[in-house]
Every structure is written in structure tokens, then in C-alpha cells.
Protein chains: 2
Amino acid sequence: MTSEVLTRQSVTPELALDGLDSVLGLHIGTTNTLFVSRLERQLEPLSVTPKQVAILWLVHANPGVKQTDLSRFFKIERPTVHQFVRQLMRNGYLVNEPSKLDRRAGGLWITESGQITLAEARRVIVAHEDELTACLTVREKSELFRILMKVYLSAPSKEV
Amino acid sequence: MTSEVLTRQSVTPELALDGLDSVLGLHIGTTNTLFVSRLERQLEPLSVTPKQVAILWLVHANPGVKQTDLSRFFKIERPTVHQFVRQLMRNGYLVNEPSKLDRRAGGLWITESGQITLAEARRVIVAHEDELTACLTVREKSELFRILMKVYLSAPSKEV
DNA sequence: TATTGTTATACTCTATAACTATA
DNA sequence: TATAGTTATAGAGTATAACAATA
């Protein structure tokens with residue numbers, strides 16, 4: 001009745017790890033790289049990156065949304081959001097219509113070309129995620145979501 | 001007997017997510033950014049980045065290790081490993097002693113200064129991880145490790 | 001003064017292509 | 001031919017500093 005424990009060491013058995021494999025950040029980082037690098041390749045024909053798709057996704061679901069709102073949602077800085085938005089506008093996937101109520105703010109709208117790209121990208125993402133999580137049970141998958149969310153949302157705010 | 005479900009929407013309730021929060025890659029990515037960006041700040045006084053510490057850690061545990069071995073362990077390309085190694089050598093944390101058996105290969109050794117830095121970095125990392133996972137039960141923490149490892153190790157190889 | 005968007009710049013991590021030296 | 005290391009370059013994602021326009 002031995003239960004196999006998968007370890008990182010199985011990749012390179014000759015290396016001593018000295019506890020490095022008990023660093024959670026390492027596992028999150030390498031798993032993230034796994035997801036991102038594979039997805040980037042699969043999205044390449046659509047001329048969008050994973051993060052650009054996420055932005056496109058939210059603009060589609062929230063027509064007229066402001067960059068500041070996207071910045072708050074992703075917890076990234078406004079110039080960082082702007083970089084994605086700029087590239088999406090260059091590619092004709094988004095347009096910026098200045099707000100009439102507050103002329104500082106712009107409202108972002110998805111174009112028809114953006115909608116087509118988003119629809120295709122969503123299919124790619126679903127297939128990609130299904131492939132990478134095929135090894136997990138339904139319960140494991142939902143636990144992974146729940147625990148990651150718990151860590152993410154309970155993180156002390158940045159300035160502390 | 002309602003059990004609270006934490007959602008990403010709680011951050012920006014005014015935004016429609018349209019299923020974006022069911023994309024696992026998003027949660028892994030944002031949680032990764034959370035870990036990395038906070039840790040970078042805390043490691044800054046030591047003049048090392050998170051990945052540099054990981055390299056230093058393995059060199060310390062495996063005196064004379066080759067860059068190729070590190071490349072296999074982290075599943076990153078040799079030039080990527082070399083970049084970290086080069087910076088660590090510049091800072092005097094590592095030295096490269098060419099192998100006598102195979103003069104193509106170098107063996108990496110940690111310096112005394114590197115050992116001091118590594119010891120301090122390990123303390124920073126442990127404290128940082130404890131802080132970010134304080135919200136998790138022991139069981140949740142071990143499940144998170146186990147499930148991430150399962151995904152990582154069962155991933156189809158790159159060239160497929 | 002505060003907020004929104006923008007530009008410029010830089011850093012971390014990653015990759016590919018092409019090279020040298022050695023096996 | 002194959003392997004170890006290196007160099008050059010690029011791309012994705014992030015940040016800070018400083019600015020203009022508007023509120």
C-alpha cells in the first residue's frame with residue numbers, strides 16, 4: 001500500500017536538492033512557465049499573447065471599460081496595462097473612445113476583428129488547459145483553484 | 001452553514017468576468033507574480049534575484065555541478081542558465097573551475113561570499129513563504145505542493 | 001490636488017541562432 | 001557528429017519616473 005510521491009528529484013536524480021523543493025515559489029514559478037510558454041506557442045498564429053487575450057476578454061465582457069479598472073483587476077500598474085492595450089489597438093483588436101463624462105478616461109471597445117480573435121483564442125486556451133490538467137481529478141482541479149485563490153486574495157497589500 | 005467562496009470578482013465587483021476566472025493559467029500567473037515581485041524586493045539588499053538564489057542553492061548542494069545539469073533540472077535552456085551563472089560569477093558568488101576529465105565542461109563552486117549570501121537569502125525566502133501561506137492549513141499547503149507537482153511532472157514533453 | 005492616460009526606460013526570465021572548443 | 005559553454009539578440013511581462021490633460 002505504498003503511495004507514490006512525485007518529486008522534482010525524479011527529473012535529475014543525481015542532484016541533491018537540499019530542501020529547494022520545499023520552496024513553494026519554485027513550484028508555482030516553474031508550473032507558470034510551463035503554462036505560459038506552451039500557450040504562447042499555440043496563440044502565436046493569432047498574434048496575441050496570453051495576457052493580451054485576458055485584456056481582450058475583459059474588454060469584450062465590459063464594453064467601455066477603463067484601463068484603470070483593468071489595472072485594479074489584474075493588480076498590475078497602469079503603464080503595464082497600457083502596453084497591452086497599445087499593442088491590441090495597433091493590431092486592430094481594440095478601439096479607444098474617450099468618455100464624454102470624464103474626458104481624462106478612455107473607454108475601450110473590442111472590434112469585430114478582436115471578437116473573432118478572442119473567440120478563437122478562447123478555444124485554444126480551453127484545449128490547452130484541458131491538456132495540462134488532464135492528469136488531475138475533478139476534486140484536485142477545484143482544490144487547486146480554491147487554494148490558489150485563497151493565497152492570492154489573502155496576500156498582504158503591496159505597500160506593507 | 002454557508003461556506004464562503006472566495007472569488008477574484010471580489011476585487012473588482014463592477015467587472016463582468018465572463019468565465020475568465022475559470023482559466024487556471026490566470027490564477028497561477030497572478031499568484032506567481034505575487035510571489036516573485038514581493039520576493040524580489042526582499043532580496044534586493046542581497047543583490048540576488050529569486051532565480052539566482054535557486055541556482056546558488058543547487059551549486060552549494062552539488063559542488064562542481066555543470067550548467068547542463070542545472071538546465072535539465074529547471075527545464076530551461078543552457079543560455080538561460082548561463083545568464084544567471086554569469087551574473088553570479090560577476091558578483092563573486094560563484095566560480096567556474098574547468099573539469100579535468102572533460103575540458104568542455106566547467107564545474108561550478110560557491111564562494112565564501114556566495115555561501116553567506118545564500119544563507120541570508122534562505123532566511124528571507126522562508127520568512128516570505130511563511131507570510132504568504134499563513135492563510136493555508138497544513139493540509140492545504142501539502143495539497144498545493146502535491147497537485148502542482150503532479151501537473152508539472154505529467155506535462156507532455158516540449159517537442160510534442 | 002487627485003486621477004487618467006501616456007511615454008520613456010529598465011529589469012527579470014525566457015527563448016533561438018550561431019559560434020568555439022572539446023569529445 | 002555530439003556535447004558544453006558562450007555570445008548576441010529578442011520577446012513577454014513587470015516596474016518606476018515623469019509628464020499632459022482633465023476633474
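Convention: sequence-line order gives letters A, B, ...; per-chain numbering from 1.
- Spacing between atom CZ of A:Arg72 and atom P of C:dT3 amounts to 11 Å, rounded to whole angstrom units.
- For the pair B:His82 and D:dG5, the criterion of a side-chain N or O lying under 4.0 Å from OP1 or OP2 is not met.
- Rounding to whole angstrom units, CD of residue A:Glu77 and C1' of D:dA12 are separated by 18 Å.
- A straight line from CG of A:Leu101 to C1' of C:dT3 spans 15 Å, rounded to a whole angstrom.
- Between A:Arg72 and B:Glu14, at least one side-chain N (NZ, or NE/NH1/NH2) sits under 4.0 Å from a carboxylate O, which counts as a salt bridge.
- Distance, A:Leu39 CG to C:dA15 C1': 16 Å, rounded to whole Å.
- For A:Ser99 (side chain) and A:Gly106 (main-chain N/O), no donor-acceptor pair under 3.5 Å exists by modelled atom type.
- Computed from coordinates, the B:Arg86 CZ to C:dT14 P distance equals 15 Å when rounded to whole Å.
- Using a 4.0 Å cutoff on non-hydrogen atoms, no part of residues 57-67 of chain B comes near DNA chain C.
- Taking the side chain as every heavy atom from C-beta outward, B:Ile55 and B:Phe74 approach each other to under 4.5 Å.
- Under the 3.5 Å distance criterion, the side-chain polar atoms of B:Thr30 are matched with a main-chain donor or acceptor of B:Leu26.
- One interatomic measurement links the two molecules: CD1 of B:Ile28 to C1' of D:dG13, which rounds to 17 Å at whole-angstrom precision.
- A donor-acceptor pair under 3.5 Å links the side-chain atoms of A:Glu129 to the main chain of B:Gly25, judged by distance alone.
- Note on A:Thr49: every side-chain N or O is 4.0 Å or more away from OP1 and OP2 of D:dA12.
- Side-chain N/O atoms of A:Thr68 include one lying less than 4.0 angstrom from OP1 or OP2 on C:dG5.
- With distances taken from any side-chain atom of B:Ile76 to the nucleotides C:dG5, C:dT14, D:dA12, the minimum falls on C:dT14.
- Ionic pairing of B:Glu120 and B:Arg123 is present here: one or more N-O contacts between side-chain nitrogen and carboxylate oxygen are shorter than 4.0 angstrom.
- At least one side-chain heavy atom of B:Leu24 sits under 4.5 Å from a side-chain heavy atom of A:Phe35.
- The backbone N or O of B:Ile28 sits nowhere less than 3.5 Å from a side-chain atom of B:Thr31 that would complete a donor-acceptor pair.
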Could you check A:Tyr152 against B:His27 for ring-ring contact (aromatic ring centres under 6.0 Å, His included), going step by step and ending with a plain yes or no?
CA-CA 8 Å; A:Tyr152 180 70; B:His27 300 298; 7.8 Å; no

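- DNA chain C is contacted by both A:Gly29 and A:Asn96; A:Asn96 maps to the nucleotide lying nearer its 5′ end (nearest heavy atom per residue).
- To the nearest angstrom, C1' of C:dC13 lies 14 Å from CG of A:Leu26.
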Each nucleotide in nucleotides 17-22 of chain C should get exactly one letter: B, S or -. Can you fill that in based on protein heavy atoms under 4.0 Å?
B---BB

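- Straight-line distance from the CD atom of B:Glu44 to the P atom of C:dA10: 16 Å, rounded to whole Å.
- Between the side chain of A:Thr117 and the main chain of A:Ser113, a donor-acceptor pair closer than 3.5 Å is present.
- For A:Asn32 and D:dG13, the shortest distance from a side-chain N or O to OP1 or OP2 is not below 4.0 Å.
- In this structure, B:Arg41 does not reach the C:dC11 phosphate: none of its side-chain N or O atoms is under 4.0 Å from OP1 or OP2.
- A:Thr33 comes within 4.0 angstrom of the backbone, heavy atoms only, and of no base.
- Among the atoms of the strands shown, base atoms are found under 4.0 Å from some heavy atom of B:Thr80.
- The nearest heavy atom of DNA chain D to B:Gln83 and to A:Phe84 marks one nucleotide each, and the one closer to the 5' end goes with B:Gln83.
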